[in-house]
Amino acid sequence: MSNEHGSLIKSPKQLIIMVFASFFVPLIIILLLMVFVNNGKRADSSASADQIIKPVAQLNFKDASEPAAPAASTK
């Protein structure tokens with residue numbers, strides 16, 4: 001049994017191929033995942049952006065000049 005370790009890349013051509021592959025393969029995977037997520041079925045595709053955001057972005061303001069409700073005293 002030999003203790004020598006060999007390199008997976010033997011020539012400059014293989015090095016260039018591996019550099020390009022290490023950049024483009026993850027990029028292609030990310031793009032394909034984006035297409036997959038964006039093509040998912042939506043529950044209500046006819047709803048406008050305002051209708052979708054309204055329940056999340058709705059704020060309820062209270063008039064600051066109204067007297068505060070008396071707090072229940074605990075003795």
Side-chain angles (χ1 to χ4, degrees):
M1 189 183 258
S2 174
N3 286 336
E4 295 178 22
H5 295 283
S7 176
L8 294 175
I9 301 173
K10 305 283 185 199
S11 67
K13 183 179 178 181
Q14 289 177 339
L15 177 64
I16 292 170
I17 291 171
M18 289 305 298
V19 167
F20 281 113
S22 66
F23 179 75
F24 287 112
V25 169
L27 187 65
I28 291 170
I29 291 172
I30 291 169
L31 290 173
L32 289 174
L33 284 172
M34 287 173 46
V35 169
F36 176 72
V37 169
N38 286 332
N39 285 338
K41 293 184 179 181
R42 295 186 174 100
D44 188 13
S45 61
S46 64
S48 69
D50 291 336
Q51 293 170 341
I52 294 171
I53 295 173
K54 186 176 180 181
V56 177
Q58 185 175 8
L59 297 175
N60 296 325
F61 292 101
K62 183 177 179 183
D63 189 9
S65 63
E66 289 181 12
S73 62
T74 54
K75 292 183 181 181

Cluster partners of Ile29, using ILVMFWY side-chain heavy atoms under 4.5 angstrom, listed by chain and number? Val25, Leu33

Tell me every residue that passes side chain to side chain contact (heavy atoms under 4.5 Å, CB included) with [X], counting only those two or more places apart in sequence or in another chain.
| X | value |
| --- | --- |
| Leu32 | Ile28 |
| Phe23 | Leu27 |
| Ile9 | Ser7, Gln14, Leu15, Met18 |

Does atom NZ (Lys10) have a neighbourhood of more than 12 heavy atoms from anything else shown, all under 6.0 Å? yes

Nearest non-hydrogen partners of Ala21 and Pro26, listed with the distance: O-CD, 3.7 Å

